[in-house]
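Read the structure below first, then the notes.
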Amino acid sequence: MNALRLRRAAVAVAAAAALPFSLAACSDSGSDTKAEAGSEASTPAAPENAPSTGTDMAADGPFGPACATVPKDGAGSFDGMAKDPVATAASNNPALSTLVAAVKQAGLVDTLNNAQNITVFAPTNDAFAKIPKADLDKVLADKEQLTKILTYHVVGQKLTPKQLESGSFETLQKGMLTTEGAGEAYTVNDSSKVVCGNVPTTNATVYIVDTVLMPK
């Protein structure tokens, strides 16, 4: 009987001694779990709709100061021009009305509309206004000369802004024109500036320029 009592007492003492360690272990485990949870909670989640920097979009879309004057909607807007061939698209842009009149005078509307994968350097009305009126009237009355000038503004491939950085291209008139620049600033033949570039139409890429190009 005494031996049995002693054995039960020993078991009770051992259990009592082990209890604090067991409780401490549980407490530490709970603290770690809370710490981990707190750490996760303190780390802000990345917003799902973070704003884009816009750099890629700028590189892919129209650029230049004169782009601001393009209508925001309708056939003459960028979206509208993208749905039409180049001569038709230009006819819907108020800033290109003199060019369109010249293209009609030369009988090049169908030629430009039916061409595939071309680049057109399109002079603005202000570009034509730089030419003395008497000289401009003389050119407009000379269909052969007018055709040479207008086809000199057309390259038989679609050109990206990257290609304009340092380029030399044969035109439909068979002459050569050169381009240089970077970012959103480009010049053609060292004189004519691109004021609204990389404008898409169904068959062409248009670079609107501030000076009429003359064949060399």
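All figures in this text were calculated on a predicted structure; none of them were measured in a lab.
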Salt bridge (charged side-chain N to carboxylate O under 4.0 Å, His left out) against E180, all qualifying residues, sequence neighbours excluded
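Residues passing salt bridge (charged side-chain N to carboxylate O under 4.0 Å, His left out) with E180: none at all.
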
Same cluster or not: are [X] and [Y] linked, directly or through other Ile, Leu, Val, Met, Phe, Trp or Tyr residues, by side-chain heavy atoms under 4.5 angstrom apart?
| X | Y | value |
| --- | --- | --- |
| V109 | V100 | no |
| V212 | L96 | yes |
| L108 | M214 | yes |
| L146 | V120 | yes |
| V195 | L159 | no |

Of all the heavy-atom pairs spanning L140 and A102, show the shortest one and how long it is.
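Looking at all heavy atoms of both residues, the closest pair is CD2-CB, 4.0 Å.
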
Of all heavy-atom pairs between G61 and N198, which one has the smallest distance, and what is that distance?
O-ND2, 3.4 Å

Could you tell me the separation between the OG1 atom of T171 and the CD1 atom of I118, rounded to the nearest 0.5 Å?
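Nearest 0.5 Å value for the OG1-CD1 distance: 12.0 Å.
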
Please list all pairs meeting salt bridge (Lys or Arg N to Asp or Glu O under 4.0 Å) that have one or both residues in residues 159-168, counting only residues at least two apart or in different chains.
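Listed by first then second residue: K162-E165.
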
Does any pair with a residue in residues 155-185 pass ring pair (Phe, Tyr, Trp, His ring centres under 6.0 Å), and if so which ones, sequence neighbours excluded?
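Sorted pair list comes back empty.
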
Could you give all pairs that pass the ring pair (Phe, Tyr, Trp, His ring centres under 6.0 Å) test and reach residues 186-216, with sequence neighbours left out?
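Matches after skipping sequence neighbours: F63-Y186, F121-Y207.
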
Inter- and intrachain pairs under disulfide (SG to SG under 2.5 Å), touching residues 154-216, at least two apart
C67-C196

Got a sec, which pairs hit disulfide (SG to SG under 2.5 Å) with one end in residues 100-137, sequence neighbours left out?
none

Non-neighbouring partners of [X] that pass side-chain contact (heavy atoms from CB on, under 4.5 Å), sequence neighbours left out:
| X | result |
| --- | --- |
| D126 | T124 |
| D135 | I131, P132 |
| K174 | E170 |
| K130 | D210, T211 |

From the list T111, L99, V139, side-chain contact (heavy atoms from CB on, under 4.5 Å) partner of L150 resolves to L99

Decide yes or no for [X] and [Y]: does some side-chain heavy atom of the first lie under 4.5 Å from some side-chain heavy atom of the second?
| X | Y | value |
| --- | --- | --- |
| V154 | T119 | no |
| L164 | T160 | no |
| T187 | V194 | no |
| V103 | L112 | yes |
| L213 | P123 | no |

Scan for side chain to side chain donor-acceptor pair (under 3.5 Å) pairs involving residues 139-159, sequence neighbours excluded, and state none if there are none.
Y152-N189

List the atom pairs, with distances to 0.1 Å, where a side-chain N or O of residues 74-94 and a protein N or O form a donor-acceptor pair under 3.5 Å, not counting sequence neighbours.
{"from": "S77", "atom 1": "OG", "to": "G74", "atom 2": "O", "distance (Å)": "2.6"}
{"from": "S77", "atom 1": "OG", "to": "G80", "atom 2": "N", "distance (Å)": "3.1"}
{"from": "T88", "atom 1": "OG1", "to": "N113", "atom 2": "ND2", "distance (Å)": "3.1"}
{"from": "S91", "atom 1": "OG", "to": "T88", "atom 2": "O", "distance (Å)": "2.5"}
{"from": "N92", "atom 1": "ND2", "to": "T88", "atom 2": "O", "distance (Å)": "3.3"}
{"from": "N93", "atom 1": "OD1", "to": "A95", "atom 2": "N", "distance (Å)": "3.0"}

